[in-house]
Amino acid sequence: MAFTADDHNFMTRALRLAEQGLYSTMPNPRVGCVIVKYNQIIGEGAHLKAGEPHAEILALRQAGETAKGATMYVTLEPCSHTGRTPPCAEALVNAGLARVVVAMQDPNPQVAGSGLALLKSNNIEVACGLMESQARDLNPGFFLRMTRQMPFVRSKIAASLDGKTALNNGASQWITSESARLDVQHWRARSCAILTGAGTVLADNPSMTVRNIEVSCQPLKIIVDSQLSISPNAKILQDGNALIAFAVPNSEKKEAQFLSAGAELLCIPNAEGKVCLKTLLSHLASREINEVLCEGGEGLNGALMSNHLIDELLIYYAPKLMGGNAKSMFAMLEFTNMNQAITLDILDIRKIGVDIRLRAKPIAQNVSPDA
């Protein structure tokens with residue numbers, strides 16, 4: 001189906017509205033909606049928080065009776081089931097809309113085309129697929145969780161231009177500038193969880209919280225700590241919003257200390273006696289975690305990459321050289337031929353202060369499992 005320039009303009013507006021929920025809709029998708037009549041916007045809305053009205057309902061409330069015979073532009077298929085809120089598709093039918101333009105079909109098995117079918121069965125013209133890639137980019141974690149029962153994993157790495165993330169003695173603060181560190185807060189704020197390793201906690205004692213951005217709740221903090229080696233007094237555990245994934249049972253006293261600190265404990269060993277990262281991520285998806293931001297060292301990044309579990313790299317390159325003995329981005333088995341090299345699709349490159357931010361996704365992962 002051919003879409004007009006006006007269709008593109010109104011869907012662009014709907015996508016911009018959806019961005020209003022970037023930090024708050026989890027576990028729901030970010031959705032925006034615009035209602036148009038006689039080429040004028042008569043109602044619009046954005047879904048902002050799970051349990052609150054969906055974008056379509058807010059737009060219909062604003063349009064009122066004038067919605068009859070109008071066209072709706074919405075970034076995701078209207079839901080057809082009762083979840084935290086009533087089904088939107090029925091509300092669209094009752095409002096008497098003439099046409100509904102949808103960016104993409106909902107991957108949720110409870111919807112998956114049934115919302116569009118309901119509209120069509122009530123003689124509403126339906127067009128789907130306008131600016132689909134942009135709509136998908138707004139909700140990578142939601143779509144991955146619905147289709148593969150896994151969250152979207154974005155690995156953030158601060159590195160020198162020669163690809164080093166820490167000195168050989170472990171010192172890494174600060175490689176990048178304050179501008180880059182502020183930019184990271186945006187990616188933390190849109191994430192449901194922040195993942196790190198015991199080595200990072202022991203070396204830096206970070207808090208791993210969202211700062212300088214208002215969020216309705218802090219992301220869950222997850223520490224991969226096979227032998228429960230971190231301190232129960234670590235800063236990352238101070239607000240109790242933490243999960244420690246481990247592999248080797250420790251003393252009951254040590255485990256009790258973590259529980260007293262408010263942390264959850266999850267024992268998920270793999271065959272090598274380390275934390276099974278795939279099981280961990282599957283567990284997070286079952287808890288409706290959409291996007292995970294990994295802020296770990298070369299060991300955790302290497303293990304995730306080796307197991308094909310990184311969906312996107314977010315690398316901040318500082319204009320520094322740290323030398324050959326410094327720590328690398330990924331600790332992985334040595335490659336012996338170029339066919340083993342991991343090919344990346346570069347999504348975006350931009351300057352953040354004096355640093356360079358690169359976003360890329362792995363498109364060919366032929367490395368051996370387990371670093």
Side-chain angles (χ1 to χ4, degrees), residues 22-23 26 137 140-141 144 151-161 163-166 170 172-201 203-213 215 218-224 235-236 242 277 280-281 284 289-320 322 326-332 342 344-362 371:
L22 198 61
Y23 307 144
M26 297 82 80
D137 286 345
L144 200 58
F152 184 91
V153 177
R154 180 181 287 112
S155 182
K156 178 239 110 180
I157 302 172
S160 59
L161 282 182
K164 304 301 180 179
T165 59
S172 63
Q173 295 182 328
W174 296 101
I175 295 176
T176 54
S177 66
E178 183 178 358
S179 295
R181 299 196 297 274
L182 288 173
D183 188 69
V184 170
Q185 299 305 314
H186 156 79
W187 300 97
R188 285 186 180 181
R190 66 173 288 167
S191 302
C192 304
I194 298 173
L195 176 68
T196 193
T200 297
V201 175
D204 300 334
N205 196 23
S207 298
M208 294 288 186
T209 54
V210 178
R211 299 183 294 277
N212 303 307
I213 294 177
V215 292
Q218 289 285 340
L220 175 68
K221 291 169 289 189
I222 304 157
I223 305 98
V224 176
K235 287 181 182 178
I236 200 167
L277 296 173
L280 172 60
L281 293 174
L284 296 179
I289 298 289
N290 288 338
E291 294 182 32
V292 175
L293 181 66
C294 177
E295 298 194 42
E298 61 177 359
L300 181 56
N301 280 321
L304 287 168
M305 185 65 80
S306 296
N307 285 281
H308 307 180
L309 296 174
I310 293 179
D311 299 293
E312 181 176 299
L313 292 168
L314 180 67
I315 304 176
Y316 294 85
Y317 284 105
K320 299 174 182 176
M322 292 170 59
K327 297 183 183 298
S328 65
M329 297 186 192
F330 305 94
M332 295 189 291
I342 300 167
L344 303 176
D345 179 14
I346 296 177
L347 307 175
D348 180 69
I349 301 176
R350 65 183 64 191
K351 197 168 184 184
I352 306 291
V354 298
D355 304 310
I356 295 171
R357 191 189 75 191
L358 181 146
R359 291 177 54 225
K361 65 177 181 179

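Sequence positions, counted from 1, serve as the residue numbers for this chain. This one's a predicted model, so the numbers in the text were calculated from it and none came from an experiment.
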Discussion item. Would you say that P151 contacts N290 through its side chain, given a criterion of any heavy-atom pair below 4.5 Å between the two side chains?
Written reply: no
Practice prompt. Mind checking salt bridge (Lys or Arg N to Asp or Glu O under 4.0 Å) for D311 and listing every partner two or more places apart, or none if nothing turns up?
Written response: none
Worksheet entry | Polar side-chain atom of N205 near backbone of V201 as donor-acceptor pair, under 3.5 Å | no
Worksheet item: Closest heavy-atom contact between S191 and M26?
Response: O-CE, 4.1 Å
Worksheet item: Quick one: salt bridge (Lys or Arg N to Asp or Glu O under 4.0 Å) partners of R181, sequence neighbours excluded?
Response: none
Worksheet item: Does the side chain of L195 reach to within under 4.5 Å of the side chain of L280, using non-hydrogen atoms?
Response: yes
Item to complete: With the side chain counted from C-beta on, respond yes when Y316 and D183 share a heavy-atom pair under 4.5 Å apart, and no when they do not.
Response: yes
Worksheet item: Could you walk me through whether T200 and E295 pass the side chain to side chain contact (heavy atoms under 4.5 Å, CB included) check?
Response: CA-CA 8 Å; T200 297; E295 298 194 42; over 6 Å; no
Discussion item. Going by side-chain contact (heavy atoms from CB on, under 4.5 Å), name the residues that satisfy it together with I349, two or more places apart in sequence or in a different chain.
Written reply: I346, I356, L358
Practice prompt. Run the numbers on R188 and I194 for side chain to side chain contact (heavy atoms under 4.5 Å, CB included), then give the verdict.
Written response: CA-CA 7 Å; R188 285 186 180 181; I194 298 173; 3.7 Å; yes
Worksheet, complete the sentence: d(R154 CZ, W187 CH2) to nearest 0.5 Å is 5.0 Å
Response to the item:
In this structure, CD1 of I213 is separated from CZ of R190 (nearest 0.5 Å) by 11.5 Å
Worksheet entry | Check: E298/S328 side-chain N/O donor and acceptor closer than 3.5 Å | yes
Item to complete: Say whether, by atom type as modelled, one donor and one acceptor occur between the side chain of K361 and the main chain of L347 under 3.5 angstrom.
Response: no
Fill in: Derivation and outcome, side chain to side chain contact (heavy atoms under 4.5 Å, CB included), residues C294 and L304
CA-CA 9 Å; C294 177; L304 287 168; 3.7 Å; yes
Worksheet item: Is there a donor-acceptor contact under 3.5 Å linking the side chains of D355 and T176?
Response: no
Practice prompt. Could you go through the side chain to side chain contact (heavy atoms under 4.5 Å, CB included) check for I315 and M329 one step at a time?
Written response: CA-CA 10 Å; I315 304 176; M329 297 186 192; 4.0 Å; yes
Item to complete: Mind checking the CG-CG spacing from L281 to L144? Nearest 0.5 Å is all I need.
Response: 10.0 Å
